[in-house]
**Q** 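I'd like to ask you about the structure that follows.
A, B, ... follow the sequence lines: proteins, then strands. Residue 1 opens every chain.
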Amino acid sequence: MKRLKRSFFVRPTLKVARELLGKFLVRKIKKEKLLGKIVETEAYIGPEDKASHASGGRITKRCQIVYSNGGRVYIYLCYGIHWMLNIVTAPKDKPECVLIRALESLGKEEKLKKIASGPGKLCNWLNLDKSFYGEDLAKSKRIWLEDKGVKIKKSQIISAERIGIDYAGAWANRLWRFYIKDNNFVSRK
DNA sequence: TGTCCGATATCCT
DNA sequence: GGATATCGGACAT
């Protein structure tokens, strides 16, 4: 079992966003473990990034955790319904993070249902909510990331425009969404 | 493929 | 107090 350590997250955000593809998100609920392979991510790189909650150097109660050292969870409610799971990256005081947009879940049944093919859906599946705000992925006993030796070649990584951030003007078309080519569990191609 | 809209914490004026 | 948001399911077209 190779849990990703803090050093993995405290690196340039675009690098982390790409390298998260193929890693496994592990969620432990009581004695049960839910596992999903990360197949889609998006980078948010403030304070320049207009699409980031930390745009312009804003420090609000909601987004203050993205200013912390890499490796923590940034989670918030969107549209009044959906929780969004982000992983804080980069060193302390740099407001950068990666949104986890889709997982390929293990197990036949889940596969058929595409139960985690979207940022809101995966949080619902893994039962993630406000109580995970600030959770330390390097230490937590209920959520962490593992490297299971899956290698994603550079040629298999597609870069695309981020989703749902039209309000961010020119920043909306930066190619900061990454997903695994031909993977059926990506939220949108 | 497109349009509609839920349901609410958080941010801003 | 008002506007808005890193979506997703439903139903029409």
**Q** Over how many whole Å does the gap from A/Ile81 atom CD1 to C/dG9 atom C1' extend?
**A** 10 Å
**Q** Check the distance between C/dT6's C1' and A/Ile75's CD1 and give it to me in whole angstrom.
**A** 13 Å
**Q** Under 4.0 Å: is that the gap between some side-chain N or O of A/Arg62 and OP1 or OP2 of C/dA5?
**A** no
**Q** For A/Asn183, run the side-chain hydrogen bond (donor to acceptor under 3.5 Å, both in side chains) check against A/Lys189, A/Lys37, A/Glu104 and tell me which one passes.
**A** A/Glu104
**Q** Please state how far atom CG in A/Leu99 lies from atom C1' in C/dA5, giving the value in whole angstrom units.
**A** 13 Å
**Q** Answer yes or no: is there a donor N or O on one side and an acceptor on the other, between the side chain of A/Lys2 and the main chain of A/Gly149, under 3.5 Å?
**A** no
**Q** Between A/Lys130 and A/His82, just flag the one whose closest nucleotide in DNA chain B comes earlier from the 5' side.
**A** A/His82
**Q** Do side-chain atoms of A/Arg3 reach the backbone of A/Leu137 as a donor and acceptor pair under 3.5 angstrom?
**A** yes
**Q** Round to the nearest Å and state the distance from A/Trp83 atom CH2 to B/dA7 atom P.
**A** 16 Å
**Q** On the ring face of A/Tyr74, is A/Arg72 found with NZ or CZ under 6.0 Å from the centre and within 45° of the axis?
**A** no
**Q** Is A/Tyr79 stacked on the base of B/dT8 when the test is centres under 5.5 angstrom and planes under 30 degrees?
**A** no
**Q** How many whole angstroms separate atom NZ of A/Lys61 from atom P of C/dA5?
**A** 20 Å
**Q** Quick one: A/Glu40 CD to C/dC7 C1', roughly how many Å, whole number?
**A** 12 Å
**Q** Just checking A/Arg58: base, sugar-phosphate only, or nothing, at a heavy-atom cut-off of under 4.0 Å?
**A** sugar-phosphate
**Q** Report yes if at least one side-chain N or O of A/Thr60 is closer than 4.0 Å to OP1 or OP2 of B/dC11; otherwise report no.
**A** yes
**Q** Where are the stems of DNA chain C, defined as at least 3 consecutive Watson-Crick or wobble G-U pairs with both distances under 3.5 Å?
**A** B:1-6 with C:7-12, B:8-12 with C:1-5
**Q** Quick check on A/Arg11: does its CZ atom have over 12 non-hydrogen neighbours (other residues, nucleotides or ligands) under 6.0 Å away?
**A** yes
**Q** Does C/dT6 have its OP1 or OP2 closer than 4.0 Å to a side-chain nitrogen or oxygen of A/His53?
**A** yes
**Q** Are any of the side-chain nitrogens in A/Arg162 or A/Glu42 under 4.0 Å away from the carboxylate oxygens of its partner?
**A** no
**Q** Using a 4.0 Å heavy-atom cut-off across all strands, classify A/Gly80 as base, sugar-phosphate, or nothing.
**A** base
**Q** Any base atoms under 4.0 Å from A/Ile165, or only sugar-phosphate, or nothing? Heavy atoms, all strands.
**A** sugar-phosphate
**Q** In whole Å, what is the span from the OH atom of A/Tyr167 to the C1' atom of C/dC7?
**A** 13 Å
**Q** Grab the CD1-C1' distance between A/Ile65 and C/dT6 for me, whole Å please.
**A** 18 Å
**Q** Kindly indicate whether a cation-pi arrangement holds for A/Lys5 with A/Phe8, taking the cut-offs as under 6.0 Å to the six-membered ring centre and within 45° of the axis.
**A** no
